[in-house]
Structure formats: structure tokens, C-alpha cells
Number of protein chains: 2
Amino acid sequence: MRMGRPREFDAETALDQAMEVFWRHGYEGATIAQLTEAMGINPPSLYACFGNKEGLLKAALDRYTKLRGAWMDEVVAARTARDVAERMLMGIADKQTDPANPPGCLLVQGGIACGTGSENVPFELAARRAQNEDQLRDRFVRAKAEGDLKSTSDPAALARYVSAVAVGMGVMASSGADREALRQVADVAVQAVEAQSTEVPAAS
Amino acid sequence: MRMGRPREFDAETALDQAMEVFWRHGYEGATIAQLTEAMGINPPSLYACFGNKEGLLKAALDRYTKLRGAWMDEVVAARTARDVAERMLMGIADKQTDPANPPGCLLVQGGIACGTGSENVPFELAARRAQNEDQLRDRFVRAKAEGDLKSTSDPAALARYVSAVAVGMGVMASSGADREALRQVADVAVQAVEAQSTEVPAAS
DNA sequence: CCAGATATGTAGTGTTCACTACAAATGTGG
DNA sequence: CCACATTTGTAGTGAACACTACATATCTGG
């Protein structure tokens, strides 16, 4: 079979640039002109490779969640539910204020509400956030089985809670909250998980 | 002085309709055509009355925060910091899933990230959220002075925490979380405030 | 009842949007 | 070196956007 002219740009590198634009401006706020300029390609190359704007977003989300997934694996590897929550929320405080990236979280910045014709973008983002929540819930189910969480605790509710705090921190980060402020939020938030735990680490 | 032809629509009623459109679609997702249709007026009336799209958003936000402010006064009237947090977060769980309104919170749905030319819309929303946070912080400062919160607690951090949870709940509501799910989040979240409180109501 | 002032409805304005036709360029298989 | 497949850059496409010119309608003050 004939192979045709080879692509002159690296898809993953280009995706990283597109991800940053979506992250900073949201799905609707990002224009094809901004995206192509950041990616260093022309519109036809973008459409040949990713289909359309929404396809590009999904590809960027795939890449984002792939990187994020590896980190979440480390998070749930913590010893106790409390440590999982702390590792996650403290990590988020750091990541969302990392100057190497736009502030906040792409899964929130991408678009909470969208206009007619883009209704499933918020849906898509919510689905990815739900994946994280599921992973947390599974971990908390295990924690309860191990007796690490009280028998009266609800792992699903706890996971939803930690997710909600994470999202809230993302919004605060995108509106200028600094790392220390987010860490304080994380610190308080962890105390709710501690309240559901059996082994309370002898607090000073 | 001559008065000219009187306006044929009620500005507040029209604002309520505009608010709903912004709430559902976000600032950038809402079009002038949608807004004017919902408001029952034509574009020239809109521009004569509110200046431009951003002016309309600000007017809608003013109205939203005015209604919200009255409710926040009730919230901070609760007896203890813990009760303030509970009243606020439980109230939010109910409000953000009230079928009379779009799900979530206008101050979040309005736009977390925006495109070039609308950069100060997220700013504007953040400023309004900060007002709520300030009100909470003042209340928690008082709670600390009254000995209701531990002497080691940080009222500003607590207020930021409750705000973050509220925002997170808003995002979850807009992506379909039901009232019960949000109440569970609120319930867990309150436990962190309890952990900072001196009078622990003898939990069952 | 008239003059000035403001609101309204119709019908646009220019701009920007996501997206694409098309021809030239660049590769591979025979 | 040739036929074919795919990519690339140029230069647009129609549609939708926020916003407005203008003539008409409806008020008030005198």
C-alpha cells in the first residue's frame, strides 16, 4: 500500500499545546486560530488529524487524564483513607498552582456551561471527573473493609466529598488563589476524612 | 424636562430571564438572540438599558447576589460556626438542585474560563464569590472570639474551605448530581468544621 | 396640540467563527 | 521514474456573532 506524505508535526507535542489553550480559555473561549498557532500547524492539518474542534478537545482530555491517571494511582496507594485524601488534595494544591501549567484543572476550566451545539462538552468533562471519583470510592470501600474507615462511614459519599473539594480548589486556583491558600483548604478538608477514620493519628 | 416614551418591559423581570440564560449556558455560551428572546425584547432595548452583553451580565449578577446576600445573612445568623457551615452547605444542596432554577450556581456557571475579550468575566464572578467568603470569614472570626472555634483554628482558612466545598457542589450539581448526593457531601464537609469546634454536640 | 425626548421594531453592519476546496508538495510501492 | 496516497499552505466558505442606524411610535412639559 502507498503511504502518502508523512505528517510533519508530532501529534502528542501538538496536543500538549492545544491542551494548554483549552485549559486557559475553555472549550468555547479557545479559537481554532489560537489552537493552530499554539500547535504550530494550519487548520487543515488539525482537521485531518483530529476531526473537528470537539475531537481535538477529546484527544487533549485523553492525554490529560492519562497523565492524571498515573498520578491518581500513586494517590490511592497511600496507606489509609486519610492519607489518600491528604496526598490527593495537597497534590492538587501544588499541581493547580504549578506555574508550568495554567492555573486550575482542565476538567473544570474546559467548560462547566456551554452554548447551544456544545452541550456535551460539560458532559464529557463530568464523565472524566467521575472516573477519578470512582477510583477514590473504590479505594475508600477497601479502606472500610480494612477497618481503616468507621463502619458507619459511606465510601461513596466520602469520595464525592473529596472530589467536590478538589473541584472547588480548581476554581479557586483559576481565580488566583495561591498555593498556601489551597494547602490550607486541603488541610481543613482532610479533617473531615479523619473524622471518619478509626486510627486517629495522635494529633499534637 | 421631557420624559420620552416609557419603557414597555420591566427591567427586573427581564433580568430574571437573562440570569437564567447566563446560568444555563454561561456568559460566552449565551447569545444575544437567546437573551432577547427570553427577555421578550429586541436588541436595541437591551443595549439601551444595559449597555452591552457584559453590562447585562453584571446587572444579572447584581440581582443574583442581592437575593443571595439576603440568604447569606440568615446563614451567618446560625448559633455556631458548625451550624453556619451546615446551614450554608445544606442550603446550597437544596438551592442548587431546585428545579425552579438551572442546576448549579450562577457564580460558577457564568464562566470559569473565557476567551480573548472576556477575560474579566471570570474575574467578576470570582469577586462576587469572594464577597461570600469574606462574610463567612468575618463570622468565623467572631466564632473564634466567642470561643466557639478552637484557639488554634484559622477563620480565613475555614471560610475558604467552606467556599471551596460550595463551589465544588455547584459544579457537581450542574453536571447532574442529585440533592441527596449533595447533602451527603455537605454532611461530610461539616465534620471538618466540627473538628475545629470546641462544643462538640454529643454525637450519637 | 405641539416640540422635545426616549423607546421600539426592522433590518441590517462588519467581524469573527469553525471549517474546507484546491493545488502543490512529499512520501511509498512497483 | 511513475502512479498513487496523504499532508501541507493558501485562501477562502457560509453562518453566527455582538452590536447599531434609522424610521416610527409613545410619552411629558408647556
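Keep in mind that this is a model prediction, so the values were computed, not measured.
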Check: B:Asn42 has an atom CG; how far is it from atom C1' of D:dC22, in whole Å?
Finding: 14 Å

Check: Taking C-beta and beyond as the side chain, do A:Val167 and B:Met172 meet within less than 4.5 Å on heavy atoms?
Finding: no

Check: A:Phe9 CZ to D:dT6 C1': how many Å, rounded?
Finding: 12 Å

Next item on the list: Using a 4.0 Å cut-off on protein heavy atoms (strictly under), produce a 5'-to-3' string for nucleotides 15-26 of chain C with B for base contact, S for backbone-only sugar-phosphate contact, and - for none.
Entry: --SSBBB---BB

Item checked: Phosphate-side-chain proximity, B:Ser45 and C:dA7, N/O vs OP1/OP2 below 4.0 Å -> no

Next item on the list: Calculate the interatomic distance between B:Arg7 atom CZ and D:dT28 atom C1'; express it in whole Å.
Entry: 16 Å

Check: Is it true that A:Glu12 and A:Arg63 have a side-chain N and a carboxylate O under 4.0 angstrom from each other?
Finding: yes

Notebook entry, point to check: In whole angstroms, how far is the P atom of C:dT6 from the CD1 atom of B:Ile41?
Noted result: 18 Å

Margin query: With heavy-atom distances below 4.5 Å as the criterion, would you say the side chains of A:Leu15 and A:Leu56 are in contact?
Written below: yes

Checklist line | Distance, rounded to the nearest Å, where B:His25 contributes NE2 and D:dA16 contributes C1' | finding: 15 Å

Notebook entry, point to check: Are any non-hydrogen side-chain atoms of A:Gln109 and A:Arg24 less than 4.5 angstrom apart?
Noted result: no

Check: Are side-chain heavy atoms of A:Arg142 and A:Arg139 found at a separation under 4.5 Å?
Finding: yes

Check: Do B:Met19 and B:Leu106 come close enough that some side-chain heavy atom pair is under 4.5 Å?
Finding: yes

Notebook entry, point to check: When you measure from every atom of DNA chain C, which of residues 107-116 of chain B have a heavy atom less than 4.0 Å away?
Noted result: none

Note to self: Please determine whether the number of non-hydrogen atoms from other residues, nucleotides or ligands lying under 6.0 Å from atom CZ of B:Phe9 exceeds 12.
What the structure shows: yes

Next item on the list: For atom CD of B:Glu37, decide whether the heavy atoms of other residues, nucleotides or ligands shown that lie under 6.0 angstrom number more than 12.
Entry: no

